[in-house]
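Reviewing the structure listed below.
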Amino acid sequence: MSNILEIRDISRSFHGRTVLQSIHLQVERGELFGLLGPSGSGKTTLIKLMTGMDRSDSGEIHILGEKVPKLSLLKRIGYMAQSDALYNELTARQNLQFFASLYGLSGVRRNERIDAVLRVVDLLDHKDKTVAAYSGGMKRRLSLAISLLHEPELLILDEPTVGIDPVLRQSIWQELLALRDQGTTIILTTHVMDEADKCDRIGLIRDGHLTAVDSPAALKERSGTTTLENAFIVLGGGVLA
Amino acid sequence: MRTRALALRIIRQFLRDKRTLALIFLAPLLILTLLNFIFNGQPITPNIGTVQLPAPIIERLNSTDANVTTYTNQAEAKQALEARDLDAILSLTDGKPDLILEGSDPSMNQAILLRLQKVMQANTPTIQPNITYLHGKEGMSSFDYFGPVLIGFFSFFFVFMIAGVSFLRERTTGTLERLLATPIRRSEVVGGYLLGFGIFTLLQATLITWFAIEVLGMYMVGNFGLVLLINLLLTLTALTLGTLLSSFASSEFQIIQFIPLVIVPQVFFSGLFNLDAMAPWLQKLSYIMPLYYGADAMRGIMIRGESIGDIQLDIYILLGFSIVFALLNIAALKKQRAI
Ligand SMILES: Nc1ncnc2c1ncn2[C@@H]1O[C@H](COP(=O)(O)OP(=O)(O)O)[C@@H](O)[C@H]1O
Ligand SMILES: [Mg+2]
């Protein structure tokens, strides 16, 4: 089967409040898939269920044919959390060395990969600075670099471009598209419409419901609108102003 | 390898945090030095009042390093005693020495009794008591007696705090979650912490013990390596307990709240205080305090020169504590990741 991710009837609630309501979703190998939704709609919750950080109340998630959670799966997934989880006392390179070792990289190979990912996120010149001295955008890029270290088959990125300036955002998107062209499957979340436009397919999420899943063009067509923003409103059951 | 990577990361973080390093290594030395001054400090010079004592006795009393004041009647001397101008009154009743102690300060009482003993010995050589010491030596100070417990306590206390806060930060900054999104095992996380911190705690234990013995001159007749071993076991217990309890704290401040709950009771039951007056069932609480076993072993080694055979029970129990806490740690991580 070519589905790299299969979500079946996932629900999750916190303290009696439903945050995700019976989500079904399939993502195919080699896709760049975007989860688009306003903040608080449940994107991060869904992402954490995919990586096995959180447990659903019901339903199942399968990744690469294996049921989540599974330790060996984590080796094949690259993950970037919404909030940067970095060791501020250490330099960028030391952070990368640490995570590279956790993914089983060592020796020359490890150093090669570290340089490669630093180049991708344009931090090569700042690799020996402590992370405490990094700006928000630089931390975001370092987090992305960490997720790329072990060349995973599946990248799960939670709001990867938040706080990154437009020029760099462009170059990161170029890199993501290049990775997809090389066969990496990418699932990311965003609340920026023009980013969602670049995805192969997007899932619209609102108040814990996945209201529509399709390519950006098909979504616009289906809702009879010209922008994704309007499509989002119409397909979410809203009325255009 | 992951365990080693985690340990290396912890060491690197530590080396950047100069203040925490100073806390681990220098604070115990500073406090020990202060306590050394408090317990060892000035030789005590008691103020002794005498009432109608023969001149030779007064002379001998004077030579024992005491401030002697002679009074003509008991009432006058009593007044001075009540006003704390005197620490004791010595008089003769029917040829027998009659001593009234002020009694507030136990170490003062002891000092005076010691002087009286000397004076009386010289007076009646025939009933001179023969004093021998099973352990320790004449003039062994309170510091020598408390010292081994204090060494263990400081190792325990600082490692408990720092390990607790470090692990808490790992959780609250989200790095623990990020860490657990890698293929690291929960046991490797705990193992990495043990290894990374273990190296520092070994250094800390060596420094504290060396300083107490060589610089402060703490009484020590046992094996230095054994002292280190016990110290290391004690800090491993502190490390595993600190990280375990940090899962029940949500801020650094809440870690501090563990001090009265976890640390202070251990001090009471560690042998620093005599528990004979306590209800027997309460005394038994000491059996669940890691510091009790550490202190018992440290004292045994340093004061009584005990060998590894004599303290093996303490070693097993401390190891047991560490293993149980480490396993609970691994289980507690399930809260963060189910596998
Ligand atoms: N651990 C949690 N405990 C309680 N509520 C939570 C928890 N995690 C998320 N939520 C709630 O779930 C909802 C969705 O959050 P989230 O998935 O982070 O949204 P998004 O990532 O789309 O902004 C929010 O209302 C949030 O408050
Ligand atoms: Mg989010």
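Here is how names work: the chains are called A, B, and so on, in the same order as the sequence lines, proteins then strands, and each is numbered from 1.
For the options B:R12, B:R337, B:Q336, heavy-atom pairs under 4.5 Å to chain A are most numerous at B:R12. Considering only heavy-atom pairs separated by less than 4.5 Å from chain A, the leading option among B:T173, B:L6, B:L8 is B:L6. Of the residues considered (B:L176, B:T175, B:L179), B:T175 shows the highest number of contacts with chain A, using heavy-atom pairs under 4.5 Å.
For the pair A:R201 and A:F33, the cation-pi criterion (under 6.0 Å, within 45° of the ring axis) is not fulfilled. Both the sub-6.0 Å distance and the 45° axial angle are not jointly satisfied by B:R178 relative to the ring of A:Y79.
We find that B:E252 and B:R169 are joined by a salt bridge, their nearest charged nitrogen and carboxylate oxygen being less than 4.0 Å apart. B:E177 and B:R171 are not joined by a salt bridge, as no carboxylate oxygen comes within less than 4.0 angstrom of a charged side-chain nitrogen.
Summarising the local packing, CG of A:D207 is surrounded by 12 or fewer heavy atoms from other residues, nucleotides or ligands at distances under 6.0 Å.
Donor-acceptor pairing under 3.5 Å is lacking for the side chains of B:T3 and B:E188. In summary, the side chains of A:D57 and A:S11 do not present any donor paired with an acceptor at a separation below 3.5 Å, with no hydrogens or angles considered.
Residues of residues 128-158 of chain A that come within less than 4.5 angstrom of chain B, heavy atom to heavy atom, are A:T130, A:I146, A:S147 in numerical order.
Both the backbone and the side chain of B:L180 have a heavy atom closer than 4.5 Å to some heavy atom of chain A. Of the two parts of A:D84, only the backbone, made up of N, CA, C and O, holds a non-hydrogen atom closer than 4.5 Å to a non-hydrogen atom of chain B. Looking at A:L73, there are no atoms closer than 4.5 Å to chain B (heavy atoms on both sides), in backbone or side chain. Contact annotation for B:T182: both backbone and side-chain heavy atoms come within less than 4.5 Å of a heavy atom of chain A. Heavy-atom distances place no part of B:L15 under 4.5 Å from chain A, backbone and side chain included. For chain A, the nearby part of B:R16 is the side chain; its heavy atoms alone come within less than 4.5 Å.
For residues 7-33 of chain B, the pairs satisfying ring pair (Phe, Tyr, Trp, His ring centres under 6.0 Å) are B:F14-B:F197, B:F14-B:F200, with sequence neighbours left out.
A distance below 6.0 Å separates the ring centres of B:F321 and B:F325.
Counting only distance, with no hydrogens or angles, the side chain of B:T206 and the backbone of B:L202 share a donor-acceptor pair below 3.5 Å.
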